Amino acid sequence: MTNRRGNPSATLLGDGDVLIAGGGDHDSPGGISSAELFHSATLSFQAIGPMHYGRISHTATLLKDGRVLIVGGRGETLATVAELYDPKTKKFSKTGRLLTRAINTQPGCFRMVGC
């Protein structure tokens, strides 16, 4: 990996690569914003543009169109914001605020509650 990280998300993309995003380290207990790709064909890592928010204990869901929806994570701000990763541009974009809060009930599990 290009950055040390614990508890990141790892999402298998349509081309066989893996998006590794966020996580935590000892210097950033609230989560890190860096992300990278693991290229399965070459067994190598490539750093890519950072997410807009540092995240740990978040979810990353592959959408039908190939983009990845990243939601939640530890912290009050992260309960209401999401972002998208586009594998074509290798960039993250903000999606706007969620209508409900995503509460992390345990690693990898979220519950939606009204604001």
Side-chain angles (χ1 to χ4, degrees):
M1 287 190 189
T2 60
N3 284 10
R4 71 178 185 189
R5 60 184 79 234
N7 202 21
S9 61
T11 308
L12 180 62
L13 303 175
D15 63 0
D17 289 349
V18 178
L19 171 66
I20 302 168
D25 68 21
H26 295 292
D27 299 326
S28 302
I32 56 177
S33 60
S34 65
E36 55 195 292
L37 290 174
F38 173 72
H39 298 291
S40 58
T42 60
L43 303 179
S44 63
F45 292 92
Q46 173 192 5
I48 58 175
M51 296 184 291
H52 294 276
Y53 304 94
R55 295 179 186 270
I56 186 171
S57 299
H58 55 283
T59 63
T61 304
L62 182 65
L63 303 177
K64 288 182 180 183
D65 66 3
R67 296 180 299 164
V68 178
L69 177 64
I70 300 173
V71 178
R74 292 186 194 157
E76 187 65 26
T77 301
L78 296 179
T80 59
V81 294
E83 51 195 300
L84 286 167
Y85 171 74
D86 187 337
K88 293 176 186 168
T89 63
K90 294 184 172 60
K91 294 186 188 281
F92 293 88
S93 61
K94 293 181 181 181
T95 62
R97 300 193 71 72
L98 300 175
L99 296 177
T100 59
R101 296 177 59 206
I103 304 298
N104 187 322
T105 56
Q106 57 184 299
C109 296
F110 286 87
R111 178 172 54 102
M112 303 303 280
V113 297
C115 292

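What you see is a predicted model, and the numbers here were worked out from it, not measured in a lab.
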Check: Any side-chain heavy atom of I32 within less than 4.5 Å of one from R4?
Finding: no
Item checked: For N7 against S57, the heavy-atom pair lying closest together -> ND2-OG, 2.9 Å
Notebook entry, point to check: For the side-chain contact (heavy atoms from CB on, under 4.5 Å) test, which of L84, L13, L63 pairs with V68?
Noted result: L13
Note to self: Once side-chain contact (heavy atoms from CB on, under 4.5 Å) is applied, do any residues pair with T89, and if so which ones, sequence neighbours excluded?
What the structure shows: D86, K91
Check: Under 3.5 Å, side chain of S9 to main-chain N/O of A60, donor-acceptor pair present?
Finding: no
Notebook entry, point to check: So S40 and V18, side chain to side chain contact (heavy atoms under 4.5 Å, CB included) or not? Walk me through it.
Noted result: CA-CA 8 Å; S40 58; V18 178; over 6 Å; no
Checklist line | From K88 atom NZ to D65 atom CG, the distance as rounded to the nearest 0.5 Å | finding: 7.5 Å
Checklist line | With sequence neighbours excluded, residues passing side-chain contact (heavy atoms from CB on, under 4.5 Å) with H39 | finding: D17, L37, T42, S44, Q46
Note to self: Minimum heavy-atom separation for G49 and A35, please, with both atom names.
What the structure shows: O-CB, 4.1 Å
Check: When you look at L69 and Y85, which way does the side chain to side chain contact (heavy atoms under 4.5 Å, CB included) test go after all the steps?
Finding: CA-CA 7 Å; L69 177 64; Y85 171 74; over 6 Å; no
Item checked: Test item: side-chain donor near acceptor, S34 and R5, under 3.5 Å -> yes
Notebook entry, point to check: Under 3.5 Å, side chain of H52 to main-chain N/O of F92, donor-acceptor pair present?
Noted result: yes
Margin query: I'd like to know if the side chain of T95 and the backbone of A82 have a donor-acceptor N/O pair within less than 3.5 Å.
Written below: yes
Item checked: Distance-minimising heavy-atom pair for H58 and I70 -> CD2-CG2, 3.7 Å
Next item on the list: Before giving the answer on side chain to side chain contact (heavy atoms under 4.5 Å, CB included), spell out for I48 and L19 the whole-Å C-alpha distance, their side-chain angles and the decisive distance to 0.1 Å.
Entry: CA-CA 10 Å; I48 58 175; L19 171 66; 3.7 Å; yes
